[in-house]
Number of protein chains: 2
Amino acid sequence: MDPGASIRTAQIIAVGSELLGTVRVDTNSLYLAGRLGGLGIELRAKSVVGDSRDELARLFRDAYGRADLVILTGGLGPTDDDVTRDAVADVLGLELREDPALVEQIEARFASRGLRMPAVNRKQALVPAGAEVLPNPLGSAPGLLLAGGGKLAVLLPGPPRELQAMFERLVEPRLRARTARAGLYRASLYITGQSESHVEEIAQPLYSKWRTAALPIETTILAAPGQIELHLCARSEDPDSAPRVLAEARDQLARALGAGVFSIDGRTMEEVVGELLRERAMTIAVAESCTGGLLQSRLTDIPGSSAWVAGGVVAYSNAAKVLFAGVPPGLIEHHGAVSEPVASALADGIRARLESNIGVGITGVAGPSGGSAAKPVGTVAIAIAGPEDSRLVRTVRLYGGRTQIKFSATQAALDMVRRRLLAQ
Amino acid sequence: MDPGASIRTAQIIAVGSELLGTVRVDTNSLYLAGRLGGLGIELRAKSVVGDSRDELARLFRDAYGRADLVILTGGLGPTDDDVTRDAVADVLGLELREDPALVEQIEARFASRGLRMPAVNRKQALVPAGAEVLPNPLGSAPGLLLAGGGKLAVLLPGPPRELQAMFERLVEPRLRARTARAGLYRASLYITGQSESHVEEIAQPLYSKWRTAALPIETTILAAPGQIELHLCARSEDPDSAPRVLAEARDQLARALGAGVFSIDGRTMEEVVGELLRERAMTIAVAESCTGGLLQSRLTDIPGSSAWVAGGVVAYSNAAKVLFAGVPPGLIEHHGAVSEPVASALADGIRARLESNIGVGITGVAGPSGGSAAKPVGTVAIAIAGPEDSRLVRTVRLYGGRTQIKFSATQAALDMVRRRLLAQ
C-alpha cells in the first residue's frame with residue numbers, strides 16, 4: 001500500500017447478469033454510498049455489468065484509471081460465471097495462486113455443516129499475487145483488497161449481509177486511515193405546489209453564488225410526484241461550521257421559497273401533518289372519493305397515527321356520499337359530484353359524524369375516463385373544514401396517469417391541512 | 001442513419017447525482033432492459049453518473065465505443081445541473097443550436113396551463129446539429145436521437161411515465177427496423193400465500209429440466225411483498241414456437257403450484273379481483289381498520305373500478321366501527337377490536353349499508369406498538385361476507401414493518417375474495 005496517498009473518489013461496479021434484467025436492482029451500492037459519504041469519499045459513478053470477463057475488465061480498467069477507490073461487488077462465487085477475480089487480475093497483470101490457508105478455511109466451513117467441500121469451491125481460494133485476503137465470516141467467498149499506485153481495489157461478495165459485515169469490520173478501518181479529514185454534509189428542502197422551473201428560478205440566484213463560496217455548496221433539484229426536492233451538499237474538514245453553513249443556506253432557500261416548503265429535515269408530508277396534529281392534540285377525518293382511500297392510507301402509514309386519525313370513508317358512489325357523509329342528494333344533482341359544494345359537504349359531514357377537529361373532503365376525476373370539457377381528467381375539488389369554524393375550498397388541476405393524479409390530490413389536500421394548522 | 005447496420009448490444013447510462021445517494025435507484029433501466037430484451041438486443045452494462053459534464057462525457061465515450069446503442073436517461077431538464085445534452089454534443093463534436101419550433105412547443109405547453117415559459121426552459125430547445133428531436137407529449141423535456149457510424153445514441157427524460165411513452169411510440173419502431181430476428185420471450189407466474197422455499201421446492205424439479213431442453217428456459221424466483229414471482233425466459237428466432245413452449249412450461253408450473261397462483265399474465269392482484277367482479281357484475285364494499293384505506297386505494301387504482309367498488313370506510317377508531325359498520329359495541333368489548341367476530345361484523349355491516357354483493361372486514365395490529373402476547377404485531381383478522389350467504393373468516397400472522405404488514409394484509413384479503421369468486 002502507498003500510505004501517503006489519500007482516497008477522495010470512488011466508483012462501484014456490481015457484477016452479475018441477474019442485475020441487468022427487469023426485476024433486480026443493485027442495492028449494495030445504496031449501502032456503500034452511505035458508508036463512503038460518511039468517510040468523506042465522493043462516489044463518482046456506479047455500474048452494473050454481466051458475468052463477462054472481458055466486459056468487466058474493460059469497465060474496471062476505466063474505473064481504476066479515474067477513481068482512487070474501486071469497489072467490486074459479486075462474482076466471487078465458485079462457479080464458471082464468477083469472473084471478478086480473473087478480470088481484476090487480468091487488468092492489474094497479476095498471477096492467480098491458490099492460497100493453502102484459504103483452502104483449509106473453506107474446507108472447515110463445509111465440514112462444520114457435515115459436508116465435504118465441492119471441488120468447484122477451490123476456485124474461491126485463488127488469490128492475485130500481492131492481494132490481501134478479507135475473511136468472510138458469514139459465507140464461503142472471501143474478499144480481496146489490492147493496493148498500488150495510490151489506488152485501492154476492493155472485491156466483496158454480493159450477498160448484502162456478508163458484504164456489509166466485511167465492509168464495516170475490514171474495509172472501513174483501512175479507508176479511514178487513508179481519507180482526508182473532510183466529511184460530506186447534506187441538507188434538503190421539500191416543496192409542494194410549485195413547478196420545478198418555478199423553484200429553479202427562485203433558487204438558482206442563491207445557490208449559484210454558493211458554488212464558489214468559502215465553503216462551496218452543491219445543489220441538486222429533483223422533481224418527484226407531488227413535490228420538488230432541493231438537496232444541498234458540502235465537503236468540509238470542520239464538523240462544526242459545515243452543518244451551520246448548510247443550515248443557513250437551507251433556511252435562506254426556505255425563506256425565498258415561502259410557504260410551499262413543507263419539510264427541511266427529510267420528513268414526508270404525512271409525517272409533517274401527523275406531527276402538527278399530534279402537537280395540537282387534534283384529530284382528522286376524511287371523506288374521499290377519487291383518491292379511493294389513499295389519503296387515509298398515507299395518514300395511517302405513520303406509527304402512532306391512531307392518536308390523530310379518527311377514520312373516514314371512501315365515498316366512491318353517490319349513495320356512499322349521502323349515506324356516510326350526509327351530502328344532500330340535491331347538492332350532487334345541482335352541482336355535480338365533482339364540485340366545491342360537494343367537497344365542502346363531504347368535509348363537514350365526516351367531521352360532524354366522527355367529531356374530529358378537522359374534516360377533509362375530496363372529489364374529482366382520476367381518469368382515464370369520466371372527464372368532460374368543463375371538468376377534464378385531473379380536476380379535483382378539495383375542502384378542509386376546521387379547526388373551529390375555518391374552511392378552505394380549492395379546485396386543482398392535476399396531471400399524469402390515474403395513480404399519479406390520486407397521489408397528487410392527496411398531497412394537495414395534506415398541504416392544505418398543513419397550512420391551515422400552521423396558520424392557527 | 002446507417003440503415004444497414006443492425007443493433008445487437010446496448011448500454012444504459014442514467015444521469016443524476018440523486019441516483020448516487022443512499023435512497024433512490026434507477027428503475028428506468030429495469031423497464032428498458034425488458035423492452036430491449038423483447039427486441040432481442042442484449043443489455044451489456046448500465047451505469048449511473050452524477051450531474052458532471054466531464055464524468056458523463058467520459059462514460060458516454062466509453063459506452064458509445066463498445067455498444068451499438070447507448071440510451072441516456074435524465075439530465076434533460078432546464079436547470080444548470082442538466083448536462084446530458086452538452087456532454088453528448090461534446091463527445092460527438094456537435095454544435096448545439098436552438099430549435100425555434102421547439103421553443104414554440106415548450107411555450108405552448110406552458111401557455112396551455114396559463115403560465116409563461118420561464119427563461120431557463122429555453123435550454124430545452126437546444127439541439128445538437130443533425131439530431132432528431134423526439135417530442136415529449138407528457139413533459140417539457142424533448143428527447144433526442146443521434147445516429148452515425150452504425151451506432152445510435154438516444155437521450156430520454158428521466159420521469160418514467162415520459163420515458164416509457166416516448167420509448168414505445170418513438171424509439172422502439174426505429175429499433176425494430178434495425179434488430180436481428182432472435183427475440184427474447186418471457187412468461188411469469190405470481191403466487192401468494194406460499195413461502196419462497198416452498199415454491200422453490202415444487203418448481204425446481206420442473207425448471208431444472210428446462211435449462212437443457214431443445215429450447216432452453218431460464219427461471220428466476222423472486223420474493224416481493226405479499227407474493228412470490230416466477231419469471232421464465234427463452235431466446236429464440238421462432239416467434240411461433242417460443243411463446244408456445246413458454247406457455248406450456250408456465251401452465252405446468254401453475255398446475256403444480258395450485259390455487260396460490262393468482263396471475264399468469266402479469267396482472268396485479270387488484271386487477272385480477274377487479275376483473276372477476278366485473279365479469280360477475282358484482283360490487284364490493286370494505287370496512288378496514290389496520291390497513292387504513294390501503295385496500296380501497298388498491299381496488300380503486302384500476303381504471304373503471306367505480307363499476308365494482310361501492311366504497312367503504314376506514315374504521316380506525318372503535319367509534320367509527322360502530323357508527324359506519326354497525327358493529328355492536330358489546331362485541332368489541334367482549335372479543336377485542338382485533339378479533340374474528342369484529343372482522344365479521346365489519347364485513348356484514350358494510351355490505352348491508354352499501355348493498356354490495358361482497359363485504360370485506362379487516363382488523364389487526366399493524367404495529368410497531370399495540371401488540372400483546374395473545375395478539376402480537378402482525379395479527380390480522382379478515383372476513384369476507386358474500387356473495388349470497390357465504391362467509392369466510394381467517395386470522396393471519398404477518399411479518400415486517402408497519403407498511404409491509406398493511407400491504408400483506410390487503411393482499412391476503414384480496415386473495416380470499418379471489419378464491420371465493422372462483423369457487424362460485
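Predicted, not measured: the structure shown is a model, and the values here were computed from it. Labels below follow one simple rule: chain letters A, B, ... track the order of the sequence lines, proteins then strands, and each chain is numbered from 1.
Most heavy-atom pairs under 4.5 Å with chain A, from the set B:P78, B:P159, B:A310: that is B:A310. Each of A:A315, A:S29, A:G312 has some count of heavy-atom pairs under 4.5 Å with chain B, and the biggest count is that of A:G312. Heavy-atom pairs under 4.5 Å with chain B were tallied for A:E229, A:E196, A:H198; the largest tally goes to A:E229. By number of non-hydrogen pairs under 4.5 angstrom with chain B, the leading residue of A:A14, A:S197, A:C233 is A:S197. Contact count against chain A (heavy-atom pairs under 4.5 Å) is highest for B:P118 among B:C290, B:P118, B:A320, B:G34. Heavy-atom pairs under 4.5 Å with chain B peak, among A:S195, A:S306, A:G304, A:G50, at A:S306. Taking A:S305, A:P303, A:A319 one by one and counting their heavy-atom pairs under 4.5 Å with chain B, the maximum is reached by A:P303. Ranking A:R35, A:E55, A:R186 against chain B, the residue ahead of the rest is A:E55, based on heavy-atom pairs under 4.5 Å. For chain A, the option among B:G311, B:G292, B:A285 with the highest count of heavy-atom pairs below 4.5 Å is B:G292.
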**Q.** side-chain contact (heavy atoms from CB on, under 4.5 Å) between B:L59 and A:R66, worked out
**A.** CA-CA 11 Å; B:L59 254 183; A:R66 286 151 78 178; 4.1 Å; yes
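Taken to the nearest 0.5 Å, the OH atom of B:Y316 stands 14.0 Å off from the OG1 atom of A:T283.
Residues B:D81 and A:T219 come closest through the heavy atom pair OD2-O, 3.6 Å. The heavy-atom pair separating A:S297 from B:K406 by the smallest distance is O-NZ, 2.7 Å. B:T403 approaches A:D301 most closely through the heavy-atom pair CG2-OD1, 3.6 Å.
Heavy atoms closer than 4.5 Å to chain B are found in both the backbone and the side chain of A:R44. Interface residue B:R353: backbone and side-chain heavy atoms are both found under 4.5 Å from chain A. Only the backbone of B:L19 has a heavy atom closer than 4.5 Å to any heavy atom of chain A. No part of A:L56 comes within reach of chain B, as not one of its non-hydrogen atoms sits under 4.5 angstrom from that chain. Interface residue A:I350: only side-chain heavy atoms are found under 4.5 Å from chain B. Residue contact with chain A, scored on non-hydrogen atoms closer than 4.5 Å, involves the side chain of B:F110 exclusively. Looking at A:L43, both its backbone and its side chain come within 4.5 Å of chain B, counting heavy atoms on both sides.
Counting heavy atoms from C-beta on, the side chains of B:L20 and A:E42 never come closer than 4.5 Å.
With respect to the salt-bridge test (charged N to carboxylate O, under 4.0 angstrom), the residues B:K123 and A:E200 do not qualify. Taking a cutoff of 4.0 Å between a charged side-chain nitrogen and a carboxylate oxygen, A:R211 and B:D80 qualify as a salt bridge.
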